[in-house]
Amino acid sequence: MIAIIDYDTGNTRNVKKAMDYLNIQNTLSADPAVIANADGLILPGVGAFGKAVEALKQRQLIPVIKQAAKAGTPILGICLGMQLLFDRSFEFGETPGLGLIPGEVVAIPDDLGVKVPHMGWDQNQVTQTDSIANGFDQEATYFVHSYYVKTQPQYILAESDYGVKIPSIVRNQNVIGMQFHPEKSGRIGLNGLAEFKEVVTNGNYSRN
Amino acid sequence: MLAKRIIPCLDVDHGRVKKGVNFVHLTDVGDPVAIAAAYEKQGADELVFLDITATNEKRPAIVDTIEKVAAQVFMPLTVGGGIHTVADMQRLLKAGADKVAVNSQAVRDPSLISKGAEKFGAQCIVLAIDSKWDSAKQRYTVYVNGGRQATDLDVIEWAKQGVAAGAGELMVTSMDKDGTKSGFDIPLYQKLTAAVNVPIIASGGCGKLTDFNDVFKQTNVDAVLAASVFHFGELTIPDVKAALKKDGVTVR
């Protein structure tokens, strides 16, 4: 069972709708017990970093997610949910994240002659071969964000060029992130969710 | 590079698409799900649903419509029409909308924009503006109530004010051009894109392929909204995109 973490931020229901459409067993839950026992986790998110961290804290979910990651449970963070996987964000002051992938979240510079937020369909360039990035090379997906992740190339599977190189798919073993919305990116996005299901089914991860 | 977006607009009257969408190979021409799926297949980048239901009692139908479309069609969905409160926004977003478009009520009470942006993020709040050129005042005037009523607002100033309040995108319809099929209102969008730095959706006036090329080549708008040319199959989205691509405009 894949648990979609429901912490009152963003339209988590659309992730559920996509999973339902794909006939992938899933549950929308904020219950620490359900999340701790799930085979895979999806951390969605739209909105501000600090508020999202606060919402996770209130539900006592931070230690649960960290523990699951450590135990090797595949986790997929989407959009803000991906940014939360990193060490810290500088959106409205510095806020620590989950620290599951080394790196930090910074603002897209607004002096590059591009509009911020980065909103719309943008192309991905796959930089490392990985099942989760299958099919995304030179394909456009739907992005909506004003901040982006700075991390080392080893964690980047795909990126999108928006004046700066924006990591669009990241992975550190069982912890995966997508900056775009796979649930809003048509067939290609649904494929990404299906690949995550494969990781959950086939994966055998142990960390540390 | 970010792709320019092509967005069909569907008028919905308690749960059915109105104004005669006339697709080939569609058995139920009024069914929002079937129409949305057909547009997804054509390569639409996003869909806008405009709730034109006149009575408040029948408004909940739009929530049900969005719920059904969002379960089958996986691209961004924007809903406008009759949004008066943050609670209205919440219902639509919960049902599966990604963005909500506010228009007349935002003019009456601009705090609707800021309240919505604070709760859901600026990227969720689209400010829809109906614009008409006033030759006496030499400016674009904002109209409300479906374009029936003029206001004191200047379109460019209202756009800036809306963005400052938290609107993450503007959807601006030229009433002068709407229905004329004589091309988009290029000067309007040149002025708007110079005034604000959020994405702008141009609407009103497209009739032929070159209209799309013109608006993207001559202004910095991010998307175009069109209804009848697509609904009646006069133009198809693949045709429009092929013409844009040929002209060096980035499309998906």
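What you see is a predicted model; the values in this text were computed from it and never measured. Labels below follow one simple rule: chain letters A, B, ... track the order of the sequence lines, proteins then strands, and each chain is numbered from 1.
The distance from the CG atom of D20(A) to the CD atom of Q72(B) is 10.5 Å, given to the nearest 0.5 Å. Remark: S185(A) OG to M75(B) CE distance equals 11.5 Å, nearest 0.5 Å. Note that CG of D45(B) and OH of Y142(A) are 9.5 Å apart. Values are rounded to the nearest 0.5 Å.
Within the 4.5 Å cutoff, the side chain of W121(A) has heavy atoms near those of the R5(B) side chain. At least one side-chain heavy atom of D222(B) sits less than 4.5 Å from a side-chain heavy atom of K115(A). The shortest side-chain heavy-atom distance between E169(B) and M119(A) falls under the 4.5 Å cut-off. A 4.5 Å side-chain heavy-atom check between R13(A) and E67(B) finds at least one atom pair inside the cut-off.
Residue contact with chain A, scored on non-hydrogen atoms closer than 4.5 Å, involves the backbone of A95(B) exclusively. For A97(B), the part lying under 4.5 angstrom from a heavy atom of chain A is the backbone only. The contact between K99(B) and chain A is made entirely by side chain atoms (from C-beta outward), counting heavy-atom distances below 4.5 Å. Residue H118(A) touches chain B through its side chain alone, counting heavy-atom pairs closer than 4.5 Å. When heavy atoms are compared at a cutoff of 4.5 Å, K16(A) does not approach chain B at all. Heavy atoms of L2(B) lying under 4.5 Å from chain A belong to its backbone as well as its side chain.
Under a cut-off of 6.0 angstrom, the local environment of CD in Q60(A) is sparse, with at most 12 non-hydrogen atoms contributed by other residues, nucleotides or ligands. Environment of CD in Q128(A): crowded, with over 12 heavy atoms of neighbouring residues, nucleotides or ligands closer than 6.0 Å.
When all heavy atoms of F74(B) and A18(A) are compared, the pair lying nearest together is CE2-CA, 3.4 Å. The two residues A70(B) and N14(A) come nearest to each other via the heavy atoms CB-OD1, 4.0 Å.
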Report task. Quick one: do D122(A) and R252(B) satisfy side-chain contact (heavy atoms from CB on, under 4.5 Å)? Show the steps, please. Result -> CA-CA 8 Å; D122(A) 212 338; R252(B) 180 166 68 101; over 6 Å; no

**Study point:** Derivation of the side-chain contact (heavy atoms from CB on, under 4.5 Å) call for M1(B) and Y162(A)
**Key:** CA-CA 6 Å; M1(B) 230 165 76; Y162(A) 196 59; over 6 Å; no

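Residue with the most contacts toward chain A among D98(B), N220(B), V251(B), V196(B): D98(B) (heavy-atom pairs, distance under 4.5 Å).
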